[in-house]
Every structure is written in structure tokens, then in C-alpha cells.
Novice: 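Mind having a look at this structure? Questions to follow.
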Amino acid sequence: MARKFTEKKLVVASHNEGKVREIRDLLVPYGVEVLSSKELDLTEPVEDGDSFVANAEIKSNSAASESGMVSLADDSGLVVPALDGAPGIHSARYAYNPWKEERDFGYAMGKLNLELGEKSREAHFVCALSLAWPDGHVETFEGKVFGALTWPIRGENGFGYDPMFIADGHQETFGEMKPNAKHAISHRADAFKKLIDACFNT
Ligand code: IMP
């Protein structure tokens with residue numbers, strides 16, 4: 001049995017405003033006040049784990065021990081089996097454009113398309129969500145959405161690799177889908193559902 005979350009407040013171990021907002025919205029029905037590690041000025045740990053789960057746990061454990069409050073962290077990315085799982089846990093870093101000296105997902109998707117050539121375009125997004133207590137207890141859940149990478153990229157919605165990804169059973173890319181449609185089937189939604197069922201629903 002997973003440990004239940006029974007507090008009034010939670011720290012989201014992320015300095016990314018978008019992520020914090022998404023998690024805050026999701027926890028509204030549970031009456032949880034969501035603070036962010038940025039608001040509390042917590043340190044950002046080095047994410048040197050070798051999996052999404054390991055990196056999510058590094059972040060949630062670090063925020064929980066520093067704040068003394070239950071903390072939630074997520075780690076996510078795109079996995080392409082034909083490229084030995086790349087960009088995987090390095091999804092954000094893979095998008096670094098050395099000429100522009102900044103993160104550039106147009107560049108990252110072009111690079112993926114070239115590396116793939118005639119190889120299989122099957123891909124999936126993964127999201128690991130980890131809830132950590134200050135006493136060291138952790139509950140971690142992994143969500144996935146399977147699909148394929150298309151070229152040329154399509155759509156202005158979403159972020160990251162969304163314009164290149166078509167989920168199985170769909171025609172639109174994540175970049176073309178309305179946000180609510182993506183949120184209903186995404187890797188993050190899958191992980192959240194598992195977390196809510198295990199730790200929030202009584
Ligand atoms: P993180 O914020 O360190 O977990 O990095 C996750 C990276 O994976 C992002 O920068 C995106 O490149 C990619 N990623 C994760 N989730 C999604 C998604 O839903 N759509 C598109 N790209 C995603």
C-alpha cells in the first residue's frame with residue numbers, strides 16, 4: 001500500500017513556472033496548497049541519475065529534506081528505441097543548439113529526423129512523478145504515451161518535441177492537439193492518475 005498524502009501543503013520541486021501551474025491546477029480538487037522550490041529558494045540538485053525515476057527521486061528527496069515538507073518532482077522526456085533510447089533523460093540537453101547557444105527544439109527535431117533516416121520512427125514520452133516525505137519515504141510513478149515521430153513537424157501548441165509526435169490512434173501531432181486533448185492522454189496525465197489513485201484518493 002502506498003503512503004497517503006495527508007498534509008495541507010506541498011512543495012513542487014521545480015523552478016519551471018509552467019510545471020508548477022499544471023500541478024497546482026491538478027491538485028485543486030484535493031484542497032492542497034502548492035508552493036514551489038523557487039518561492040522557497042531551494043537549491044536545484046544535480047540530476048545525475050540514470051533513469052527518469054532516479055532523477056525525479058533526486059529532485060523530490062532534495063526538496064523534501066531541505067524544506068521539511070512533502071515534495072513532488074517530475075522528470076520527463078522522449079524515448080526513441082531505434083536510437084537506443086535517445087534523447088531520453090537527456091531530452092532537454094539534446095535540444096541545445098551550439099550555434100545559437102540556447103535550447104532550440106526546431107533544431108532538436110531536425111537532428112532527430114536526420115539521425116532516424118530510414119530507421120523505425122516509433123517513440124514514446126515518459127514521465128516519472130515522485131512524492132517524497134522529509135523522513136525519506138518516497139512514492140514514485142511512471143506514465144507513458146506511445147506513438148511515432150513524423151516529418152515535417154506540425155502545430156504550434158504544446159512545447160518541446162510536441163510538433164513531431166503523433167500518439168497511437170491519432171492523426172494530429174501533440175503540437176496540433178488542443179491542450180486538453182493532449183492532457184487527457186499524455187505521459188504526464190498517466191503518471192498523475194497513478195499518483196492520485198495511490199496517494200490522494202481515500
Ligand atoms: P525536464 O523538464 O528536465 O524533465 O525535461 C523534459 C524535457 O523533455 C523537456 O525539455 C522536453 O524536451 C521533453 N518533454 C517532456 N515532456 C514533453 C511533452 O509533453 N511534450 C514535448 N516534449 C516533452
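Every number for a ligand or one of its atoms is a count from 1 in the order of the listing.
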Novice: Examine K111 relative to Y94 and say whether NZ or CZ is less than 6.0 Å from the centre of the six-membered ring and inside a 45° cone about the ring axis.
Specialist: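 Yes.
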
Novice: What residues, two or more places apart in sequence or in another chain, satisfy side chain to side chain donor-acceptor pair (under 3.5 Å) together with H137?
Specialist: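 H137 satisfies side chain to side chain donor-acceptor pair (under 3.5 Å) with E139 only.
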
Novice: Tell me, which residues have any heavy atom less than 4.0 Å from some atom of ligand 1?
Specialist: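 The answer is K19, D75, S76, G77, S91, A92, F105, F125, F159, G160, Y161, D162, K182, H187, R188, counting any residue whose heavy atom sits under 4.0 Å from ligand 1.
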
Novice: Can you see whether N16 engages R21 through a side-chain donor-acceptor pair at a distance of less than 3.5 angstrom?
Specialist: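 Absent: no donor and acceptor within the cut-off.
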
Novice: Listed by chain and number, what are the side chain to side chain donor-acceptor pair (under 3.5 Å) partners of Y96, not counting sequence neighbours?
Specialist: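 Here no residue qualifies.
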
Novice: How are the rings of H124 and F146 set to each other: parallel, tilted or perpendicular (split at 30° and 60°)?
Specialist: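 Rings of H124 and F146: tilted, as their planes differ by 30° to 60°.
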
Novice: Under 3.5 Å, which donor-acceptor pairs do the side chains of residues 75-87 form with other protein atoms, sequence neighbours left out?
Specialist:
from: D75; atom 1: OD1; to: K59; atom 2: NZ; distance (Å): 2.9
from: S76; atom 1: OG; to: R188; atom 2: NH2; distance (Å): 3.3

